[in-house]
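Chain naming here is simple, since letters A, B, ... match the order of the sequence lines and numbering starts at 1 in each.
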Protein chains: 2
Amino acid sequence: MEGAIKTVVMQFLSSARGKESLGGKNFQKLVQSQLGNILSDTDSSSAVKDMMKGLDDNQDGKVSFQEYLTLVGYLANSSQDLAGICVWTPFA
Amino acid sequence: MEGAIKTVVMQFLSSARGKESLGGKNFQKLVQSQLGNILSDTDSSSAVKDMMKGLDDNQDGKVSFQEYLTLVGYLANSSQDLAGICVWTPFA
């Protein structure tokens with residue numbers, strides 16, 4: 001689990017290329033290269049732009065690490081819903 | 001990255017053993033077995049109990065998936081601080 005948390009952190013750092021937050025292009029690259037299975041429409045730049053707007057709490061046109069963790073939380077929640085159904089549904 | 005998010009989710013589901021949230025014992029086991037490097041004092045049950053109280057927003061004596069994600073976010077933040085220092089500090 002620690003490795004998984006580190007992966008999530010390092011992915012942000014490598015995408016942000018030394019900056020504190022992800023600009024539009026870097027966010028797009030991250031989403032397209034990393035989240036193509038878990039998210040739909042990742043190849044649609046307008047869909048990714050809309051997602052970015054939804055994450056950009058302080059409306060600075062970038063995705064901070066906190067805003068990125070919100071995305072990770074959202075993805076974990078939607079995976080949990082799916083996983084919860086697949087893993088724990090007792091046979092009727 | 002998707003694999004890392006799935007690992008975080010599956011770890012909660014397997015620790016919760018089909019329940020919606022983690023009780024004291026299951027939370028203790030998760031912390032001791034999974035977070036022994038990233039967290040200190042994981043072998044101290046009172047320290048883990050205190051951590052659990054800090055996470056337990058609705059004070060129901062258990063850790064829900066949302067409260068668990070708060071822990072993951074906290075750990076990611078503290079890893080980012082460390083990683084940020086190690087990875088991106090330019091040579092003086």
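The distance from the CE atom of A:M1 to the CG atom of B:L71 is 6.0 Å, given to the nearest 0.5 Å. Taken from CD in A:Q66 to CG in B:N77, the straight-line distance is 4.5 Å, to the nearest 0.5 Å.
Interface remark: of the candidates B:L75, B:T70, B:N37, B:N37 forms the most heavy-atom pairs closer than 4.5 Å to chain A. When each of B:T7, B:L35, B:V72, B:L39 is scored by its heavy-atom pairs under 4.5 Å with chain A, the top score falls to B:L35.
Contact detail for B:A76 and A:V9: the closest heavy-atom pair is O-CG2, 3.4 Å.
Looking at A:E2, both its backbone and its side chain come within 4.5 Å of chain B, counting heavy atoms on both sides. Only the side chain of A:L69 comes within contact range of chain B, with heavy atoms under 4.5 Å apart.
Summarising the local packing, CD of B:Q59 is surrounded by more than 12 heavy atoms from other residues, nucleotides or ligands at distances under 6.0 Å.
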